[in-house]
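Just so it is clear: chains get the letters A, B, ... in the order the sequence lines come, proteins before strands, and each one is counted from 1. Values reported hereafter were calculated over all heavy atoms of this structure, with side chains retained and with hydrogens, waters and symmetry mates removed.
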Amino acid sequence: MGAGSRGFRSRVRGLQRGLLPIGSGAGLPDRGGTGMIDPRRLRLEIRSVAEGLRLRGIELDVGRFEALEARRKRLQDEVERLRRRRRVASKQIGEAKAAGNDIAPLVGAVGDLGDDLADATREFDAVRHELDEFVKALPNPPDDSVPPGADETANIELRRWQEPADFNFEPRDHVSLASTSLDLEAAVKISGSRFSVLRGSLARLHRGLTQFMIDTHVREHGYEEVYVPYLVDRHTLLGTGQLPKFEDDLFAIDGERDQFLIPTAEVPVTNLVRDSILDFADLPLRYVAHTPCFRSEAGNYGKDTHGIFRQHQFEKVELVQIVHPRKSWDALDELTGHAETILRKLELPYRVVALCAGDLGFAAAKTIDLEVWLPAERRYREISSCSNFVDFQARRMLARYRNPETGRPDYVHTLNGSGLAVGRTLIAVLENYQDGNGAVHVPDALRSYMGGSTRLDL
RNA sequence: GGAGAGGUGGCCGAGCGGCUGAAGGCGCUCCCCUGCUAAGGGAGUAUGGGUUGAUAGCCCAUCGAGGGUUCGAAUCCCUCCCUCUCCGCCA
């Protein structure tokens, strides 16, 4: 039995064990594992898929896909035909043997079947691998409601909440305000650039913000708090779409373990439902997790180098929802609202922005960003990103639910959003709550998390 | 880290290399019977892929994963992963 003549399911399982096709020589993943755009949709409506991808600035090579698909079809047919022949022949041999007949002629009749099958299988696997790579590299086509555009300049502001405070003094930035409580020198000494050390009440504020966010989402929004690993394997990252295309953005563990530091809690949390068939009645699932996030920020050299806006390590409270496919658009609005609640409770001015097609992340069908006002920069900056991935991640993960109407498994839809990025919230609090004398007040909502203090002791 | 045991369908649990996609039990669904919270009888009940107008059929694959032996592997061989028990270490 040649490589690849094992079934689809075994490949999917292999994948789930972290044995990846990419560079590992292991079996090819199939549908579930490769994940992506629905292969059937790709075959049947490739034009519309191509159109969607064009909005993201990606030109789908329709001719190449169709050629590959034609070969795949022919070879799969051949392989299955040969396998069937082999099965039938083997069965006959078994029966003959049981009846006490001479099996030599039957065995001889099998002839080159084995070799033919091995050859066909080899070819089939090669084509599937090629097809797999091709499809896997395709991002999620944007939803129809996503504004067109190539980059962030085409994003659409949907609404604003509160006008920025009109300071009658020159607002200072968070680095200046934090003073010695933000010890960037120590961080550089310990770890290098893009890390930070927080001290005293600033560290406490950081922790308090985190607690406040989690508590709000658990108590008021009905999320289940989960604690998850910060190191994950390749398969997990493939499920949510960080791999195989964006390995450079991740910190990998160097050594025997083929693991990576999570770039966001989305990765471990969404993968909770990987390879499962959920009960219809259990949907929607809502998880909130607080984790550190690790990003290499490759390609962002020189960008946001001041302060702690863009770090290799930062904390985030993440919201994840697993929902019925017909509910995901409502869920996106809800989830965005849950993130907004934090900003409102903290009374931080923000605006809501719909990302244009060109600005979407790989797996997202639609993304709504929340941007908080930073007085020192005199502009709104991203503090939360809420996305509906529809069935894109679910396909990669084989995350399904039992459809009560058909009795069959269907893919769920997945969503996530920051609720919020803690470090950036810290910046926003510092800058928006400064009083002009270098002091920073504690937002009312955070008082109880700060031991009743009304001012930060910086 | 050392020693041992084990990984089979939603769960439990059989399985001399061939008729086992997989006995049996439990659970679940539907039907029948039953005059009353129970019992009994019958049928059905995995997933992925392909084909197709089709969630109708039909075909292929899957018994932790990968590879090997063989006409044929859940069953034999090799490698890896995981779980459990005991010892050691440890927050």
key: ring pair (Phe, Tyr, Trp, His ring centres under 6.0 Å) assessment of A/F362 paired with A/F392   = CA-CA 10 Å; A/F362 184 75; A/F392 192 86; 5.8 Å; yes
message = A/R199 and side-chain contact (heavy atoms from CB on, under 4.5 Å): which single residue from A/D183, A/T180, A/L182 fits?
response = A/D183
remark   = Paired to B/A43 by Watson-Crick or G-U wobble criteria (both distances under 3.5 Å) is B/U29
message = What I want to check is whether an N or O donor and acceptor connect the side chain of A/K91 with the base of B/G18 at under 3.5 Å.
response = no
Same-atom distance (C1') from B/U45 to B/G21, integer angstrom = 14 Å
Sugar-phosphate, base or nothing in reach of A/R402, heavy atoms under 4.0 Å = sugar-phosphate
query = Just checking A/R81: base, sugar-phosphate only, or nothing, at a heavy-atom cut-off of under 4.0 Å?
reply = nothing
inquiry  = What contact category does A/R43 fall into here, base, sugar-phosphate, or nothing, at under 4.0 angstrom with non-hydrogen atoms?
reply    = sugar-phosphate
key: A/R408 side-chain proximity, nearest of B/C60, B/U55, B/C71   = B/U55
query = Taking the P atom of each, how far is B/A74 from B/G18, in whole Å?
reply = 10 Å
message = Considering every strand and a 4.0 Å limit on heavy-atom distances, what is the contact class for A/I277: base, sugar-phosphate, or nothing?
response = sugar-phosphate
request  = For the side chain of A/K73, starting at C-beta, report the closest nucleotide among B/U51, B/C71, B/C60.
outcome  = B/U51
key: Atom CZ of A/R455 with >12 non-hydrogen neighbours under 6.0 angstrom   = no
Interatomic distance where CZ belongs to A/R83 and C1' belongs to B/A73 [whole Å] = 15 Å
message = Just to be sure I understand the rule, does A/K97 reach a base, reach only the sugar-phosphate, or reach nothing, if contact means heavy atoms closer than 4.0 Å?
response = base
message = Between A/E247 and A/R234, is there a side-chain heavy-atom distance shorter than 4.5 Å?
response = yes
message = Is A/R72 close enough to B/U51 that one of its side-chain N or O atoms is under 4.0 Å from OP1 or OP2 there?
response = yes
